[in-house]
Amino acid sequence: MAVKKLFRFIIPKYPYYNIYSRIKMPPRGAVSVATAVARQEVFQVEIIDENNFSGVLDHRIIQEQRPADFVGLYGGLTSTIPRLYQVASYYQGLGVPTAAGGNHINAMKEEALSSGVDIVVMGEGEHYLPEVAEALARGGDLGSIPGIAFVRDGQIIDTKRRLPIQDLDGLPYPDFDLFRDIQTRIKFIPLGRTRGCNFVCEFCAVNQHLGATRACSPGYVMEEIIKSVEKGCKDFFFTDDNFAQYRDSTVELCKYIAQYKKKIGQRLYFAVQVRADLARDTELLDLMRDAGVETLCIGYESPIEEDLK
C-alpha cells in the first residue's frame, strides 16, 4: 500500500507575549480546516502550533525528520504575518506548495502571493483547501477551483468566490489529535456556534470575511461538548463574536448544558463574547450562569465618544 503524502498545517509563532501565550488555545478555524483535509484521506495531516511545540522550532530540521509534501499556514492574525511569510518562503524555496488563508491573507492576497504563498484560500477553508489538496495530489487544475487566488505566467488568477457555508452542522468537529508534539496540554477547547456577523462595522473584518451570521444547531454544539468532556476537557471558549445572537437557540443550548452538567455532576467552565446590551437580558444571563458561563468578554468599540462613556 502506498504511503500517503503529508500535509502540514502551521500556526505561526506570536511575535510577543499575549493572552494565548499563557492560556493554550489554538484557533478553531485552523483546526477545522486541517480536519477537513484529513477527512478527505488524500493526505496524512499534522498540525504544528509554533506557540505550543515541544520540538526544535526549526523547519529545516522538522522537514528533514518528516518531509511535508504540501504546507498550509494560518493567517488570521496580522501580528504573525511576518513569521508566516518567513516559513512559507522556506518551504516554497524547497519546491513544496504552500497555501494560506485567514483575515489578513484575504485582505492582502497580492502581498501574500509575492511573499512565499503559492495559493491564497479566500473565505472559509473547509470547502476550498480539501479541493486544493486533491488537485495537488492528483495533478488537477487549480483554475477550476472557486475561491482561491494564485499566480500563473506572472498573472494573478483570482477564481470566483463561493457563497459562505450554510450547513455548519455538516462540518466535521475539529480534531485536536492532529496536533504534533505539543508542549503544554490545550487549556481551552474553542467552540463555535455561529459564524459571521449581521453588523457591518467599517473597522471590523468579520462581516467582510465571513458575511452575515449563520449558526449550527444547539444539538451539534452539545455533541461536541459531550465528546470533549469524555476526553477529559472541562474548559471551553466560544469563538462566536456574539454568543447571544439568535437568542432562542442560545437559550436552548444553555438549557442543554445545564441539564448535562446536572447529569454528570461535574463543573464545566465557559467563556463567551457578548455585546454590552446583554446586561438588560437578566433571564438569559441567569440561564448562562446555570450553564457554567463564568466569563464575559466585551469589546467596547465605537467611534462615538458618548457611546464609549
Side-chain angles (χ1 to χ4, degrees), residues 7-16 18 20 26-34 36-37 47-51 59 68 70-94 96-133 135-136 142-143 145-165 195-197 199-212 239 241 299 301 303:
F7 171 63
R8 176 175 297 139
F9 197 98
I10 300 167
I11 301 171
K13 190 171 182 59
Y14 308 126
Y16 44 74
N18 61 36
Y20 298 116
R28 178 182 175 86
V31 187
S32 183
V33 171
V37 176
I47 304 174
I48 290 182
D49 183 352
E50 293 193 335
N51 305 284
H59 285 275
F70 176 32
V71 169
L73 301 107
Y74 171 68
L77 296 176
T78 295
S79 63
T80 65
I81 293 300
R83 173 61 179 172
L84 184 153
Y85 290 156
Q86 180 185 37
V87 175
S89 296
Y90 171 73
Y91 282 103
Q92 188 183 63
L94 297 178
V96 178
T98 60
N103 286 341
H104 183 100
I105 299 295
N106 283 191
M108 305 291 289
K109 65 184 177 186
E110 292 87 358
E111 173 191 272
L113 290 170
S114 63
S115 304
V117 176
D118 293 314
I119 304 161
V120 167
V121 179
M122 308 291 290
E124 296 166 295
E126 289 95 344
H127 281 183
Y128 306 125
L129 200 58
E131 293 187 16
V132 171
L136 292 175
L142 290 175
I145 301 173
I148 66 172
F150 59 96
V151 176
R152 176 183 287 167
D153 298 328
Q155 299 294 320
I156 294 179
I157 307 298
D158 196 343
T159 64
K160 184 179 179 181
R161 291 287 294 270
R162 300 185 199 186
L163 293 174
I165 299 171
R195 288 188 182 185
C197 183
F199 297 96
V200 191
C201 302
E202 63 182 13
F203 56 82
C204 181
V206 173
N207 182 274
Q208 296 177 40
H209 182 58
L210 295 174
T239 60
D241 287 283
E301 301 162 326

Tell me the closest heavy-atom pair linking Ile105 and Ala100, and the distance in Å. CG2-O, 3.7 Å
Return the orientation label for the Tyr85 and His104 ring planes: parallel under 30°, perpendicular over 60°, tilted otherwise. perpendicular
Is a side-chain N or O of Asn51 found less than 3.5 angstrom from the main chain of Pro12, in a donor-acceptor match? yes
Quick one: do the Tyr91 and Arg8 side chains pair a donor with an acceptor below 3.5 Å? yes
Can you tell me how far apart CD1 (Ile48) and CD1 (Ile10) are? Round to the nearest 0.5 Å. 6.0 Å
Give a yes or no on whether the backbone of Gln86 and the side-chain of Ser89 come within a donor-acceptor separation of less than 3.5 Å. no
Hey, could you give me the CD/OG distance between Glu110 and Ser115, rounded to the nearest 0.5 Å? 11.0 Å
Which distance, rounded to the nearest 0.5 Å, do you find between the CZ of Arg161 and the CE of Met122? 4.5 Å
Do any N or O atoms from the side chain of Ser32 and from the backbone of Arg28 form a donor-acceptor pair under 3.5 angstrom? no
Of the non-hydrogen atoms in Ala99 and Val121, which two are nearest, and what is the gap between them? CB-CG2, 4.4 Å
Shortest non-hydrogen pair, Leu73 vs Ala88, comes out as CD1-CB, 4.0 Å
Which heavy atom of Asn106 sits nearest to which heavy atom of Gly101, and what is that distance? ND2-CA, 4.3 Å
For the atom pair CD1 (Ile11) and OG1 (Thr80), what is the distance rounded to the nearest 0.5 Å? 10.0 Å
Judged by modelled atom types alone, do His59 and Glu50 share a side-chain donor-acceptor pair under 3.5 Å? yes
State whether the side chain of Asp118 and the backbone N or O of Thr98 hold a donor-acceptor pair below 3.5 Å, judged by distance alone. yes
Got Leu77 and Tyr14 here, is their nearest side-chain heavy-atom distance under 4.5 Å? yes
Is there a donor-acceptor pair under 3.5 Å between the side chain of Glu124 and the backbone N or O of Ile165? yes
Minimal non-hydrogen separation, Tyr128 against Gly147, with atom names: CE2-CA, 3.8 Å
Quick check for you: to the nearest 0.5 Å, what is the distance between Ile119 atom CD1 and Ile145 atom CD1? 7.5 Å
Pair Glu126 + Arg195: basic N to acidic O under 4.0 Å: yes
A side-chain contact here means heavy atoms from C-beta on lying under 4.5 Å apart; do Val33 and Tyr74 qualify? no
Counting heavy atoms not belonging to Tyr20, are there more than 12 under 6.0 Å from its OH? no
Show, in sequence, the C-alpha distance, side-chain angles and deciding distance for Tyr90 and Val71, and conclude whether the side-chain contact (heavy atoms from CB on, under 4.5 Å) test is met. CA-CA 11 Å; Tyr90 171 73; Val71 169; over 6 Å; no
Heavy-atom distance under 4.5 Å between the side chains of Val132 and Ile148, does that happen here? yes
Quick one: closest heavy-atom pair of Pro26 and Asp49, and the distance? CB-OD2, 4.3 Å
The reported gap from CG in Leu142 to CD in Glu131 (rounded to nearest 0.5 angstrom) is 11.0 Å
Going through the distances and angles, do Ile157 and Val151 end up as a side-chain contact (heavy atoms from CB on, under 4.5 Å)? CA-CA 6 Å; Ile157 307 298; Val151 176; over 6 Å; no
